[in-house]
Every structure is written in structure tokens, then in C-alpha cells.
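Quick note: residue numbers are just sequence positions, from 1.
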Amino acid sequence: MGKKIKKDEKGGSNDVFDTLLVESRQAATVVLMLSSPEEDVQSKACEAIYKFVDKCDENKKMLLDLGTIDPLLTLIEGHDRTVRRHAIMALGVMCAHPDVRKALRKRPNSTYAFVCLLSPEEDSVIHEFAALALSLMATEFTSKVAIQTANGMEPLIRLLGSTDPDVQKNSIEAIAQMVMDYKARASVREYGGLSPILELIKSEYAIIQRLALLSLDRLTQDGENRRTLREIDAISKLLDILAQPTLNDLHVMVVMVLSNLLEDPESLELVRDNGGLKRFICLITDALPPEDETKRDSKKSAVKAPKKSAKDSKGKKEDDAKDDATMGGDSIIPTLPDVKVCAARAIARSARNAENRKLLHDQEAEKMLISLLSHDSQDVQASAALAIAVIAEHLSSRDSIKEWGGLPPLVKLLDSENGDVKEAVTLALANLTTANNKNCIEISRLGGIDGLLSCLGEVREEVIANAACTLTNMAQDEGLRTEAQSRGVIPALIHPLTSHNTNVQSKVALAVSAFTCDADSRDEFRESGGLEPLVLLLHSGNDEVRRNAAWAITVCGVDEPTATEICKLGGLHILQDIQTSASRHNPFIEAALQRLLDSNLSAKFSLYNHLGPGNLIEDGFFDCGKLKQGTPFKTLEEYCAQEMNDKRPVLLVNAKWAHVDENPEPIATPLAANKSDTDTPKTESLKGVKESTTKATRSSKEPRFKSGRNSRSSTRESPDPKKGRKGQKDKDKEEKAKDEENEPQKDAEVVAEPTPFVPPPDSFLFKYIEDVVEKILPLPDTKSQVIALAEYVSNKMGGKIAHGEVANFSWELPMNQLRYQLKSNVIPIGHIKAGIHIHRALLFKTLADRIALPCSLTRGEYNRAWNDVLLPDDDEDPVAPKFPPKRYIVDLVHEPGTLLTPDTQAAVSYMKL
């Protein structure tokens with residue numbers, strides 16, 4: 001039996017587990033390894049997770065579902081640097097998934113843990129992925145607030161000076177996301193981050209340069225940051241970048257930053273003083289800066305100088321090549337269209353300030369913009385036109401743009417098919433024509449009216465609004481207004497009135513008011529159907545639309561036919577409704593309402609029960625009685641179409657001869673008997689009244705009688721009327737056979753054609769007017785005319801009525817008999833032979849207006865009405881003091897011709913029951 005060998009107990013400890021190499025292909029197993037107490041296992045698990053999640057987003061979501069977030073957050077706060085490095089690498093990559101970021105936001109300490117990893121003690125890899133995690137987390141606003149709370153801006157700004165470009169990239173990206181919040185912009189300035197960000201533009205990596213410019217673009221939206229950048233001469237550095245063609249990929253973003261910086265007048269003054277604005281304009285227009293032209297001239301003169309040695313020229317070869325690339329006249333590299341677009345927008349943004357507009361005008365920035373209008377790119381054209389529109393708000397710029405030839409390219413661009421170009425061009429023309437008649441005339445000379453009219457039919461609403469505004473400005477000149485009207489501006493304005501855009505509605509309604517200031521245009525507008533959409537604009541909830549629509553109605557309502565049509569369309573009712581509203585009422589509504597009422601006195605008297613001395617009653621006036629505010633007002637045609645009823649009759653004023661008999665002798669003989677060949681001034685005035693009162697009747701039918709002068713003139717024109725009638729009969733016989741064949745068709749056409757409404761004539765009123773003109777008009781003074789007219793009216797209305805006997809005066813029965821006789825509720829005022837206050841006052845006002853006797857008509861209660869007149873003192877002594885005319889009430893009932901002083905007992909009892 002062999003000797004036993006004693007085991008060496010010192011070979012290993014019994015409580016130490018032998019090293020075990022585990023190969024796992026399941027992510028869940030690796031996640032379990034994160035909870036291991038061994039740091040080596042934790043590190044390898046984190047590294048494996050990093051490689052796994054870096055492959056695709058599905059892997060990130062899988063590990064999130066396996067609960068990887070909490071153990072990784074625990075590990076990045078651990079003491080082992082290697083574990084922290086691998087843990088933050090895995091977690092930083094996982095933050096690219098939105099669900100991971102959402103889970104991290106629910107853990108309040110996660111953002112603070114990321115910020116702690118940015119400390120100087122950590123290595124660059126940890127800095128890189130911690131900054132990456134913060135840049136991804138900063139895409140949500142809540143995370144921005146959390147980073148600010150954790151004081152994350154200061155370490156991010158410090159890392160901008162890192163030698164590792166990945167650290168720089170992630171840090172500047174995080175800052176670019178953070179400065180979208182205005183509080184973070186102030187933090188960057190407080191921690192001195194503007195200079196490091198500006199220095200990153202010189203980086204060798206394009207992504208870092210772009211992120212730095214993006215950060216500056218957002219940072220310069222803060223006024224204090226712009227002031228700080230001016231102090232560190234950021235504008236000059238940015239202009240230097242624009243001067244380098246090799247950096248053309250950065251030019252767009254550089255111009256965006258400059259556009260923010262140039263918003264301040266101080267920045268514009270700075271670049272003006274150091275010549276930077278001239279350089280900027282020349283770079284955008286591909287022109288040669290002034291100082292470079294001097295250098296080019298000096299180089300040309302140096303061609304004849306002795307040659308330098310190779311040794312001397314070798315060191316400056318690159319510098320000369322660079323100078324030639326940036327300053328040589330023939331070697332200028334055209335600026336990219338996107339840069340020109342941004343530059344024009346920069347000018348436009350800067351020009352929003354009045355002081356900046358003046359500075360830009362002093363630097364002749366308009367020339368640069370005008371040159372860009374001819375660029376091939378439509379985006380450049382649109383941006384340049386928009387900038388011109390903004391600068392044109394400066395008065396001097398409007399004249400300068402015309403002098404420098406800016407109007408022809410703008411007018412030419414009206415034919416562009418690009419909507420943005422048309423919108424910008426029409427806006428520019430609208431501003432250029434504001435209070436500038438020379439520009440209006442020049443645009444018309446260039447054929448701009450046709451282009452603007454075509455723009456009114458565009459689909460783009462802003463184009464329509466701007467074109468309408470331009471046409472409104474041009475309409476201030478009578479010649480241009482007439483030219484536009486002849487080219488069809490009135491029909492072109494009707495369709496845009498139906499737009500749903502409030503800006504279009506407002507501008508087009510204002511244009512309508514500018515072009516309908518003459519009778520022909522108003523008739524064209526009414527006949528083209530423009531009144532209906534205009535009236536509908538009064539329903540708009542926009543104050544400006546209602547105001548401009550009301551003003552257009554005020555202008556259009558001058559003509560009685562137009563005012564009547566507006567009332568038919570409900571315009572009067574809408575204006576009354578708006579007038580009672582506290583929020584929608586304005587002076588323009590009141591003006592439109594008064595204009596409609598002044599043009600439609602029937603509605604005015606029914607609604608307001610008063611007609612002033614300036615409201616002259618003409619044929620077609622009718623009184624339908626007192627109406628409440630807001631009650632729809634019917635037309636005379638509607639009242640005539642009603643069947644007879646027991647309501648108050650409608651009183652009509654229509655001094656026309658009744659055509660009841662074809663034989664005019666019964667009417668003409670009495671008048672002819674009173675006439676002589678030598679007419680007196682009275683009869684000449686009577687003829688004028690006849691011609692004015694019978695104009696409408698003579699247009700469609702033969703007049704009932706002719707004056708001797710007219711009869712003689714007609715005799716001279718046809719010396720043998722019998723022969724003329726015989727020839728006409730022969731022609732009729734020849735065409736009779738043809739007419740009989742087409743007779744059924746003609747009859748059908750006649751039936752189909754609606755007959756125009758003709759108000760009931762009033763031959764009695766016509767005779768009253770003749771009597772008044774002949775007998776009362778020649779009286780020497782106003783008072784005599786008033787008294788005589790009062791007595792005349794009283795005699796025609798049944799004579800005087802004793803005090804207290806008005807109730808016993810029989811007037812209702814004759815009125816009903818008239819209604820039955822006429823088969824209508826509408827009674828001509830001249831047919832009434834027994835009338836009380838309302839009938840007499842209306843007749844007095846009607847006759848007084850025909851002889852230019854100023855008086856008013858006021859309706860009271862219970863059929864009371866009265867007339868007011870203003871009469872001067874009877875004292876004809878030239879030495880006696882003169883007083884204003886006094887107001888009197890004319891008695892037409894009790895003591896006809898008596899003038900009652902207001903506020904006396906007699907006057908009060910006359911006006912009230």
C-alpha cells in the first residue's frame with residue numbers, strides 16, 4: 001500500500017468560487033447580470049447592452065421592457081469609473097428612443113445623475129455620452145426645465161472647450177436644444193457661453209459649425225444676447241465667413257444669425273460705420289465691395305512691377321490665391337439662392353423697425369433688393385419683393401424705389417405663376433402706392449392695372465387683398481380711377497366679396513367704396529349683383545369688415561335706386577340691429593344708416609317719425625305709419641300687392657297724370673286756356689315742374705298734353721303727319737302676314753316678360769303743385785308763402801276744424817270709400833278731400849318742398865303730425881340787431897296759417913291729444 005500524499009491546503013481558499021466564463025445569448029440574462037455585486041460582471045454586461053442597443057430601436061424598446069433603466073441609473077452613480085463609463089454609454093444610446101426618454105422623465109433623479117457625469121473628474125467618454133443623453137432628453141420642454149434645475153448649463157458650456165470633437169458636438173447640440181427656452185438663453189449669457197459658441201464656428205467639423213450657428217440663431221432672439229455679441233464683434237466675424245466661398249454651406253445659417261442681430265438699430269449703426277452693411281449688400285448681390293475694387297486696381301497696376309523671387313512668393317502663394325478668390329472682380333463666386341433668400345428676409349426683419357428702415361434707406365439697400373427681383377429663383381424674387389414691401393413703409397424709400405427702377409420688375413412679376421411671388425409683389429405695390437400718386441401713375445403707365453385686376457381672380461386670398469388695397473390707393477387719382485373702371489374693376493370686385501377671409505372682405509369692401517363714387521359705377525355695381533354680398537358683410541364678426549362694408553354702403557346709398565335695393569336685401573334691418581348693439585356699433589354704421597334713410601325717406605319717416613328741411617319729399621314717397629325699431633320695411637310694390645284690409649292706409653306721393661282715357665282734351669283744355677304765347681316767369685317755372693313730374697311717364701307713353709312750344713317744334717319736324725301715317729299703314733299691311741305667323745311666339749314672349757311696377761298716379765297732386773307754383777311761389781317773403789300754403793292745404797283737406805271738434809270730423813268714412821274705390825290700401829295723398837293732422841302735414845311738406853320752402857315734418861301720437869318752419873324777424877330796420885330765425889309750428893287744422901310758438905299751450909295742444 002503506497003504512502004499517502006498530504007494535500008496542500010494552501011493552494012486556494014475554500015470560500016472563493018472558481019472563475020466561470022458564461023456565454024449568454026438572451027438579453028434578459030444580461031440584464032440580470034447588472035445586479036451582480038462584481039464590478040467586472042457589471043461592466044461587461046453594460047458593454048454588451050451598449051453594443052446590443054446600438055443596433056436598432058427595437059433592441060432599445062426590448063431592454064426598456066426588461067427593466068434595464070433602473071439598474072443602469074444605479075450603476076452610473078457607482079464608484080467604479082469603468083462601470084460608470086459603460087453604463088452611461090448604454091443609457092445614452094437608449095435615450096434615442098422616445099419611450100426611454102419618457103421613462104427617464106418619470107424618474108426625477110435621472111437628469112441630475114446625467115449632469116453629475118459632466119464633472120471635470122470624469123473622462124471624455126463619459127462626458128460624450130452624458131452630453132448625448134442630455135441633448136436627447138432636451139427635446140422635451142419638461143426635460144429642459146429639469147436640466148435648468150439641475151444646473152446643467154454651466155458644465156455643458158465648459159465642455160465646449162473640450163479637445164474631443166464628439167464632446168463638443170454633443171454639448172453644443174444639447175445647448176441648441178436648451179436655448180429654445182428663453183430662460184436658458186439668459187443662462188448661456190450668464191455663464192459666458194456666447195464666446196465659446198462663436199469660436200466653434202471655426203471648427204473643422206461641419207456638424208459642429210452648423211450646431212453652433214443654430215444655437216446663435218436661437219440665442220440672438222434675446223436682446224441682451226445681441227448686445228453682448230455686438231461687444232465681442234460677432235457681426236464682423238460672421239461677415240468674414242460670408243466672404244469665404246469655401247464656407248458656402250454655412251452662409252444660409254450665418255445670414256439667419258445676422259438677420260437677428262440687425263434687428264437692433266445699434267447693430268445697423270455699427271455695421272454702417274464699419275462698412276459691414278455695404279459688404280453684406282455686395283456679397284448678396286455678387287458685386288465687388290468698394291475696398292476690394294481699390295485692391296483690384298492696385299493689383300492691376302502692380303502687374304508691371306519687377307518679378308519677385310520664388311522664395312519671396314512662395315510664402316504668400318496661398319494668401320494671394322485666397323484674396324483672388326474673394327476679391328477678384330472676375331472670380332466672384334455667385335452666392336447661393338438660399339443665401340439670397342435669407343438675406344432678403346434678414347433685411348425685411350430688420351426693416352420692421354422705423355429707425356432701421358431709415359438706416360437701410362441711407363445705405364441704399366433698396367438697390368440690392370431691386371437687383372434680386374431679376375433673379376432666376378422664384379424664392380429669391382418673393383423674398384426680395386417682401387423686403388421691398390417692408391422698406392416701402394418708409395416715405396423716402398417709395399420715391400427711391402421708383403427712381404432706381406424698382407416698379408417695372410414688380411409690375412412684370414404680377415404675371416408670375418408662383419403664389420408666393422404674387423403675394424409679395426402685390427404687398428409691395430400696395431405699400432408703394434400708399435400716399436404716393438407718382439407711383440400710382442407709373443404703375444398704370446406700365447400696365448399694372450390689368451395685372452392687378454387679374455390678381456383679383458386668384459385663389460390665394462392674400463393676393464386678392466393686396467391687389468384690392470393697391471387699386472384702392474390708385475383710385476384716389478380721378479384719372480386712374482376712370483381708367484380702372486373702364487377696364488372692368490367693378491365686376492372684378494364682386495366675386496371677392498364672397499370670400500370667407502376677413503382680410504379680403506375688408507380690403508375689397510374698401511375698394512368698392514373707392515370705385516363707386518359716381519352714378520354710373522353705382523349703377524354697374526347694382527346691376528352686376530354686388531349689393532347682396534356687400535350687405536351680407538354687415539353680419540361679419542370682424543370690426544374692420546363691418547366698418548368698411550358700412551362705408552361702402554354709405555357711398556353706394558347716395559342713389560335712391562341703390563338705397564332701395566339695399567333695403568330690399570335687408571341692409572336697413574341689419575344696420576338697425578347693429579345700431580342697438582353696444583359692442584358692434586360704430587360711427588360708420590350710423591353714417592350708413594343715415595345715408596340709407598336719407599335716400600329712402602319713406603323708411604326714415606316710418607322708423608324715426610321725422611323729416612328735416614333737407615329731406616325733400618319726391619314722387620314715390622309713401623307713409624305706411626309708425627314702425628318699431630327692427631321691423632322689416634316693405635316696399636311700395638309690396639304694399640300695392642296686398643289685399644285690402646282694415647289696417648291704416650298707406651299715403652302715397654306721386655304727382656303723375658292718370659292715363660285713364662286716350663283723349664287728352666279734357667285734361668289739356670283747361671290748362672291750355674290759361675296759357676298764352678308769351679309765358680310769364682311763373683308759367684316757365686310751371687313748365688319746369690311739369691317736366692320734372694312727368695318724366696317717368698313720358699318715357700314709356702305719350703304725354704297727356706304738350707305746351708305750345710313743343711307742339712310747334714313737333715309740327716316742324718313732320719309737316720305732313722297724315723302722309724307719314726299713311727306710309728306707315730302701308731308698311732304694316734306688307735308685314736302683316738309675316739307678323740301673323742310669329743304672333744303666337746311674340747305673345748308668349750310678352751307674357752313671359754315681367755311688366756315693371758308703376759306706382760298709382762295722382763293727378764290731383766299734380767294740379768296742386770301747379771297751383772302752388774303759380775300762386776304761392778311768387779309771394780314776396782317766406783312768411784307769406786307759409787301762411788298762404790297753410791290756408792291752401794286746409795281748403796283742400798276739408799277746411800278748418802274747430803278746437804275740440806277733431807274727433808267729430810268725418811274723415812275715416814271718406815278714407816274707406818277711397819280704399820274701396822281704388823281697390824287698394826295705398827291712397828294717393830291728392831285724392832284725400834277730408835284729412836286731419838297727419839294728412840295735412842304730409843301734403844304741406846310735399847308742396848313746400850316743390851317750391852323750395854324749408855320745413856320739417858314730425859309725427860306724434862294718435863295721427864298727430866306738424867310742420868316746423870324757421871322764420872326771421874319781421875323788423876326790417878337795418879339798424880336794429882339781427883337775431884337767428886325762430887322756430888314756429890304751422891297750424892293747418894284749427895286756424896290755418898297761424899304760426900304757433902313752441903312750448904306754448906296752443907302749440908302743445910296742437911301736437912298732442
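Judged purely by distance below 3.5 Å, without hydrogens or angles, the side chains of N260 and D217 pair a donor atom with an acceptor atom. Between S400 and E366, the side chains place no donor N or O within less than 3.5 Å of an acceptor N or O (distance only, hydrogens not considered). Using modelled atom types and a 3.5 Å distance limit, the side chains of T554 and R595 yield no donor-acceptor pair. Judged purely by distance below 3.5 Å, without hydrogens or angles, the side chains of E462 and N503 pair a donor atom with an acceptor atom. Side-chain contact check for N548 and Q505: no donor-acceptor pair (N or O, by modelled atom type) lies under 3.5 Å. At a cut-off of 3.5 Å, with distance as the only test, no side-chain donor of E263 or S350 sits close to an acceptor on the other residue.
Judged by distance alone, the side chain of E590 and the main-chain N or O of N586 form no donor-acceptor pair under 3.5 Å. For the pair S383 (side chain) and V380 (backbone), a donor-acceptor distance under 3.5 Å is absent. Judged by distance alone, the side chain of R487 and the main-chain N or O of D450 form no donor-acceptor pair under 3.5 Å.
No side-chain heavy atom of T434 sits under 4.5 Å from any side-chain heavy atom of E393. In this structure, E461 and S499 have side chains that are in contact, with non-hydrogen atoms separated by less than 4.5 Å. Side-chain contact between I566 and N600 is absent, with no heavy atoms from C-beta onward closer than 4.5 Å. You'll find the side chain of V341 reaches within 4.5 Å of the side chain of R345, heavy atoms only. Two residues are said to be in side-chain contact when any heavy atoms from C-beta on lie closer than 4.5 Å; I241 and V254 meet this criterion. Taking 4.5 Å as the limit, some side-chain heavy atom of F525 sits within range of a side-chain heavy atom of L534. At a threshold of 4.5 Å between non-hydrogen side-chain atoms, the residues L456 and H495 do not count as touching. By the 4.5 Å heavy-atom criterion applied to side chains, E483 and I449 are counted as neighbours.
Pairs engaging residues 453-479 under the ring pair (Phe, Tyr, Trp, His ring centres under 6.0 Å) rule: none recorded [sequence neighbours left out]. Sorted by first and then second residue, the ring pair (Phe, Tyr, Trp, His ring centres under 6.0 Å) pairs with a member in residues 403-439 form an empty list; sequence neighbours excluded.
The structure places CZ of R226 at 7.5 Å from CG of L261, a figure rounded to the nearest 0.5 Å. From I201, atom CD1 reaches atom CG of L216 across 5.0 Å, with rounding to the nearest 0.5 Å. Atom CD1 of I391 is separated from atom CG of L369 by 5.0 Å, given to the nearest 0.5 angstrom. L386 CG to D420 CG: the interatomic distance, rounded to the nearest 0.5 Å, is 10.0 Å. Taking CG of L270 as the start and CG of D264 as the end, the distance is 11.0 Å to the nearest 0.5 Å. To the nearest 0.5 Å, the span separating CD1 on I464 from NZ on K422 amounts to 10.5 Å.
When all heavy atoms of V555 and R522 are compared, the closest pair comes out as O-CD, 3.6 Å. Between A435 and R398 the shortest heavy-atom distance is CB-NH1, 4.2 Å. Smallest separation of non-hydrogen atoms from L262 and S267: CA-CB, 4.2 Å. Closest approach of A467 and L452 over heavy atoms only: CB-O, 3.8 Å. Counting all heavy atoms, side chain and backbone alike, A430 lies closest to N473 at O-ND2, 3.0 Å. The heavy-atom pair separating N436 from N439 by the smallest distance is OD1-N, 3.0 Å.
Of the charged side-chain nitrogens involved, none lies within less than 4.0 Å of a carboxylate oxygen, so that K402 and D399 do not count as a salt-bridged pair. A salt bridge is defined here as a Lys NZ or Arg NE, NH1 or NH2 lying under 4.0 Å from an Asp or Glu carboxylate O, and R526 with D559 fails to meet this definition.
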Next on the checklist: Determine whether S599 and E560 satisfy the following criterion, side-chain hydrogen bond (donor to acceptor under 3.5 Å, both in side chains), listing intermediate values before the conclusion.
Outcome noted: CA-CA 5 Å; S599 300; E560 183 177 354; over 6 Å; no

Item to check | Worked verdict on Q476 versus R481 for side chain to side chain contact (heavy atoms under 4.5 Å, CB included) | outcome: CA-CA 7 Å; Q476 308 307 313; R481 182 173 66 248; over 6 Å; no

Checklist entry - Can you check side chain to side chain contact (heavy atoms under 4.5 Å, CB included) on V463 and V425, steps first, answer last? => result CA-CA 9 Å; V463 175; V425 168; over 6 Å; no

Checklist entry - Could you go step by step and tell me if E544 and T502 meet the side chain to side chain contact (heavy atoms under 4.5 Å, CB included) rule? => result CA-CA 8 Å; E544 186 177 0; T502 55; over 6 Å; no

Checklist entry - Can you check side chain to side chain contact (heavy atoms under 4.5 Å, CB included) on C455 and L414, steps first, answer last? => result CA-CA 8 Å; C455 289; L414 285 175; 4.0 Å; yes

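With D577 as reference, R584 is the one residue of H539, H585, R584 to meet the side-chain hydrogen bond (donor to acceptor under 3.5 Å, both in side chains) rule.
The side chain to side chain contact (heavy atoms under 4.5 Å, CB included) search around Q378 returns Q381, S416, N418, V421, not counting sequence neighbours.
Shown here is E458, whose CD atom has more than 12 heavy atoms of other residues, nucleotides or ligands within 6.0 Å. For K237, the NZ atom is densely surrounded, since the number of other residues' heavy atoms within 6.0 Å is greater than 12. At most 12 non-hydrogen atoms from other residues, nucleotides or ligands lie less than 6.0 angstrom from CD of E532. Residue E266 qualifies as enclosed at atom CD: its count of foreign heavy atoms under 6.0 Å is above 12.
Ring orientation note: the planes of W551 and F588 are nearly perpendicular, at an angle over 60° on the 30°/60° scale.
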